[in-house]
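The figures that follow rest on heavy atoms only: side chains count, while hydrogens, waters and symmetry mates do not.
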Amino acid sequence: MTNHRLTPLAHSLPASVPFVGPETQERAQKRPFTARLGANENVFGPSPRALSAMAETGHWMYGDPESHDLRAALARHHGTTMENIVVGEGIDGLLGYLVRLFVAAGDAVVTSDGAYPTFNYHVAGYGGALHKVPYVADGEDPESLFARAAEVDAKLVYMANPDNPMGSWHRGADIAAAMSNLPEGTLLVLDEAYVETAPEGTALPLPFDDPRVIRMRTFSKAYGLAGARVGYALGAPELITAFHKVRNHFGMNRAAQAGALAALEDPDWLAHVQAEIAAARDRIAQIAGRHGLTPLPSAANFVTIDCGRDHAFAKAVLDGLVARGIFVRMPFAAPQNRCIRVSCGTPADLDAFAAALPGALADAEKG
């Protein structure tokens, strides 16, 4: 068989992924990065209890297809019921299921231009029509998003709070107030991946039964389990039940479930990581400021740094850092692409970043 019978939609899509991974770059360079500060991973690591639980898991067994124990613990943690929670393979996996449930060819979906690209990847994969609005003051703007949703009769509108790639954030109460303008029949997909690193009051203060919104959370960031791929969604029971129509029922491996459960039950470790992240954000800001760059306020586990010029200059700074063994990333869309984004790291990581930045800036100045 020489001609595989892909769908017309599949034929039309590029064979690409939303991000080029650091491993891909390391293979191309034939050397590892000195500091891995581009993927917003938690270099401070997961709870030791989580590591022990994962190591002791009986890997010969399939994972519980209902993730019962983890969902029960999450329900206790959030003061809700298991019926309000679905667990999946990271927020990325849950976004894919959600788009599959809602989006058919031509259906309108709204997001911000330059926001998390994996959501767009899923929308394209199901033939949705993506409508974008610009950032306002380097942040996603709920009023603009909801107004565009009304204009195009969007099925979904995506927003992250705190935002990636800018690190900006809104008070949850302000988003709740803005939702009075969310059109009837439009579901707000609120990505709260970084909420554990944000100030008090950032989380949306609405009941999980509210049918207008589904909230996405993850163990990849503050809990340090990015490699385990554990995410969960909080929403109205009838919406959560719909996930069971399409999800991979054995997608959550047993070790990942055990590790997430143990991490959730170790608040002291979470508090330790939150303190490390806060200190690292301050250090990144200090390093940027010493070189005339502007660190943007951040509620996430990274700091976005305004390089003060255009995309070409910021890209040259990024290339200079990568050439010196420092993996960082940058926003994709103008005018935010005047910036680079640096994940929180250990003191040694940030020492390496501080040492590499002057040379990268000098190279960028030369053009």
Side-chain angles (χ1 to χ4, degrees), residues 41-42 44-95 97-98 172 189-198 200 202-210 213-244 247-275 277 301:
E41 296 150 326
N42 174 3
F44 309 109
S47 161
R49 295 187 200 175
L51 294 175
S52 295
M54 296 171 80
E56 294 165 6
T57 297
H59 289 274
W60 62 272
M61 293 179 281
Y62 289 110
D64 176 5
E66 297 181 5
S67 298
H68 177 278
D69 293 352
L70 178 55
R71 287 171 56 235
L74 286 166
R76 292 191 298 271
H77 181 73
H78 290 292
T80 187
T81 71
M82 292 173 62
E83 287 68 34
N84 292 104
I85 301 169
V86 62
V87 170
E89 307 92 315
I91 289 177
D92 293 349
L94 291 166
L95 289 174
Y97 296 136
L98 183 70
V189 184
L190 187 61
D191 186 338
E192 294 182 321
Y194 298 94
V195 75
E196 288 89 1
T197 64
E200 189 74 24
T202 302
L204 188 70
L206 292 177
F208 297 121
D209 286 337
D210 192 315
V213 60
I214 185 167
R215 279 160 270 201
M216 301 287 183
R217 300 283 185 93
T218 185
F219 284 86
S220 294
K221 304 303 179 184
Y223 288 102
L225 288 168
R229 310 307 301 129
V230 188
Y232 61 101
L234 295 148
E238 59 272 20
L239 175 55
I240 295 302
T241 297
F243 278 82
H244 303 317
R247 70 181 178 87
N248 179 357
H249 288 76
F250 286 104
M252 294 307 304
N253 71 73
R254 184 170 289 271
Q257 292 181 43
L261 179 59
L264 192 67
E265 294 174 345
D266 192 354
D268 290 343
W269 185 262
L270 176 63
H272 157 72
V273 168
Q274 289 166 327
I277 288 170
N301 71 337

Answer whether the closest heavy-atom distance between the side chains of [X] and [Y] falls below 4.5 Å.
{"X": "V230", "Y": "M252", "answer": "yes"}
{"X": "I277", "Y": "Y194", "answer": "no"}
{"X": "I85", "Y": "F208", "answer": "no"}
{"X": "Y97", "Y": "N248", "answer": "yes"}
{"X": "V87", "Y": "L74", "answer": "yes"}

Measure from the side-chain N and O atoms of [X] to the backbone N and O of [Y], and report whether any donor-acceptor pair falls under 3.5 Å.
{"X": "Q274", "Y": "E196", "result": "yes"}
{"X": "N84", "Y": "L234", "result": "no"}
{"X": "R247", "Y": "G88", "result": "no"}
{"X": "Q257", "Y": "D64", "result": "yes"}
{"X": "N42", "Y": "K221", "result": "yes"}

Could you tell me the separation between the [atom1] atom of [X] and the [atom2] atom of [Y], rounded to the nearest 0.5 Å?
{"X": "I240", "Y": "M82", "atom1": "CD1", "atom2": "CE", "result": "12.0 Å"}
{"X": "S47", "Y": "M54", "atom1": "OG", "atom2": "CE", "result": "11.0 Å"}
{"X": "L264", "Y": "H78", "atom1": "CG", "atom2": "NE2", "result": "7.0 Å"}
{"X": "L270", "Y": "E265", "atom1": "CG", "atom2": "CD", "result": "13.5 Å"}
{"X": "N253", "Y": "R229", "atom1": "CG", "atom2": "CZ", "result": "11.5 Å"}

Would you say CD of E238 has more than 12 non-hydrogen atoms from neighbouring residues, nucleotides or ligands within 6.0 angstrom? yes
In this structure, are over 12 heavy atoms from other groups packed under 6.0 Å from H68 atom NE2? no
Please verify the inter-ring angle class for F219 with Y232; under 30° counts as parallel, over 60° as perpendicular, anything in between as tilted. tilted
Geometric class of the Y62/F250 ring pair [parallel <30°, tilted 30-60°, perpendicular >60°]: tilted
Where do [X] and [Y] come nearest, in terms of heavy atoms and distance?
{"X": "T218", "Y": "A193", "result": "CG2-O, 3.6 Å"}
{"X": "A233", "Y": "L94", "result": "N-CD1, 3.8 Å"}
{"X": "A75", "Y": "T81", "result": "CB-C, 3.7 Å"}
{"X": "T57", "Y": "A258", "result": "OG1-CB, 3.5 Å"}
{"X": "P207", "Y": "R215", "result": "O-NH2, 2.9 Å"}
{"X": "G58", "Y": "R254", "result": "O-CD, 3.5 Å"}

Run E66 and R71 through side chain to side chain contact (heavy atoms under 4.5 Å, CB included) and show every step you take. CA-CA 8 Å; E66 297 181 5; R71 287 171 56 235; 4.2 Å; yes
Given M216, which of V195, I91, D92 fulfils the side-chain contact (heavy atoms from CB on, under 4.5 Å) condition?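 That would be I91.
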